[in-house]
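All remarks here apply to the structure that follows.
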Amino acid sequence: MMSLFAKFDDVRMALEGFKTLGRDPSNIRFEQILSPTEAVADGHSVLLFGTNNYLGLTFDPACIEASVAALRSLGTGTTGSRVANGTYADHAALERQIAAFYGKSNAMVFTTGYQANLGLISTLAGRDDYLLIDADSHASIYDACKLGTAEVIRFRHNDAEDLARRLRRLDGRPGNRIVVTEGIYSMLGDTAPLREIAAVKRELGAFLIVDEAHSLGVLGERGRGLCEAADVEADVDFVVGTFSKSLGAIGGFAVSDLPGFDVLRVACRPYMFTASLPPAVIASVMAALSRLDADRSLSARVRSNGRRLYDGLVKAGFEVGPEANPIVAIKMPDPATAGLFWNRLVDEGIYLNLAVPPTTPMSLSLLRSSVSAAHTEAQIDHAISVITAIGREFGIPGGNKTRVSEPA
Amino acid sequence: MTNKVEDIEREILDLLAKQLPEGTQVSAEMRIARDLGLDSVGIMDFVMDIEDRFDISIPLDLIAELETVADLCTAARDLLKGAR
């Protein structure tokens, strides 16, 4: 009989290949986390440039104190779902807070960001409806499509015209059209053309979901994300996001002004059949959200830090993503070079993410970094100089100062 | 535009030949993933080219079921006929 795991031979071989280059990139061990920007990994002191800790709030004293207080007064966990075991006062309070932050009338909190996408998208789109998703969508969006019953159509990444073509092909068919896009895309740090997508949505009649996982607290005057920055909040029917990045904990949410939204609580299986967030998490998220709401300099700082790293790497000649955002991806010539380069970076005290096909767009091999508001300019400049020095060992950058172009 | 399956097949094989290294032999019987060496993203991109060429949208669940180039041709023909 064949091994149950034989079907994963390709992925196993690929991982074994990376392990021969040094560390296992899928399983790096952090022995100590010293601050939002420093840790000890694999025996090396490293600067953290790959944690999506955009606002650097993981050690914020107010978040920690609120979390500890909730832990002591309410216990370690809720031990069940809200539908079965009930809602704690702070679940509802967090929902009111996140709804108010977005200026929307309804909010639902999920146990992870992944589940927020999985639940919202798979439940909203029914059998006769159509989901139109960006081709470079996050796995949680693709998995939501698999879980749901709607027909799923992919449009070319960040291409509003292609979306319009695909919507027009559906002319004459009944059913709702639901368009799904992301604020900042997690691999290259590029943003969706939301104004154009919103215009298509208005013209051709569709609902619009925007996943702000990587843009909450990063984009927009108030840190609400790309919808705010692009001034299309009124056109967006649902904003989805996560508490695990800028807000430094875990959990997901969806907000909306659509009447009747609350019925999702008894229709959405990834909400109903999982335990709700523990009190300590809810408490730290509420404190982090208050901090973001009160202190606009946080968002401004993560943006300027992102620009500093991006500009520094461009100046050094590296090929990077198309936009200066807090996700900065450096293009590598091939997966093996990317793996070796990544290991050298850890040796020299810089931790970032290795991203290789098929998880990357256009089959790119990337060293993906994410910048935090907590980074000092000196830390960013140090990272640039280490990356540049290791680049010289590898003969990278070899050619012109260019950016990874968007697919046509 | 024609709806004849052999014409669709010829066009799809032409598109495929352009996507693969020069000189790669392609035929309708070939399995898209195993024989053509395309990864999952590569297959998705190739399917998008076909969608553009024929002005159709191939639903995601249907893409997952396609095994051979011939399956893809049949799917394109059915969509052109408005069967789905």
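Predicted model only: the values in this text are computed from it and were never measured. Residue numbering restarts at 1 for every chain, and letters A, B, ... go by the order of the sequence lines.
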Taking atom [atom1] of [X] as the centre, report whether more than 12 heavy atoms of other residues, nucleotides or ligands fall under 6.0 Å from it.
X        : atom1 : value
B/Glu6   : CD    : yes
B/Lys18  : NZ    : no
A/Lys146 : NZ    : no
A/Glu16  : CD    : yes

Heavy-atom distance under 4.5 Å to chain B: side chain of [X], backbone, both or neither?
X        : value
A/Arg169 : side chain
A/Phe155 : backbone
A/Pro357 : side chain

| said: Counting heavy-atom pairs under 4.5 Å with chain A, which one of B/Asp52, B/Asp45, B/Ile58 comes out on top? | reply: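 Counting heavy-atom pairs under 4.5 Å, the top option is B/Asp52.
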| message | Looking at B/Glu51 and A/Arg166, is any side-chain nitrogen of the basic one under 4.0 Å from a carboxylate oxygen of the acidic one? | response |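 Yes.
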| said: One thing to verify: whether B/Asp55 and A/Arg168 come together as a salt bridge, which I'm taking to mean a side-chain N less than 4.0 angstrom from a carboxylate O. | reply: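 Here A/Arg168 does not pair with B/Asp55 in a salt bridge, since their nearest N and O are not under 4.0 Å apart.
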| query | Taking B/Leu60 as the fixed residue, which of A/Val152, A/Ile153, A/Leu131 is the one that meets the side chain to side chain contact (heavy atoms under 4.5 Å, CB included) rule? | reply |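 Among A/Val152, A/Ile153, A/Leu131, the one that satisfies the side chain to side chain contact (heavy atoms under 4.5 Å, CB included) with B/Leu60 is A/Val152.
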| field | Spatial distance of atom CE (B/Met44) from atom CZ (A/Arg154) [nearest 0.5 Å] | value |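 Between atom CE of B/Met44 and atom CZ of A/Arg154 there are 4.0 Å.
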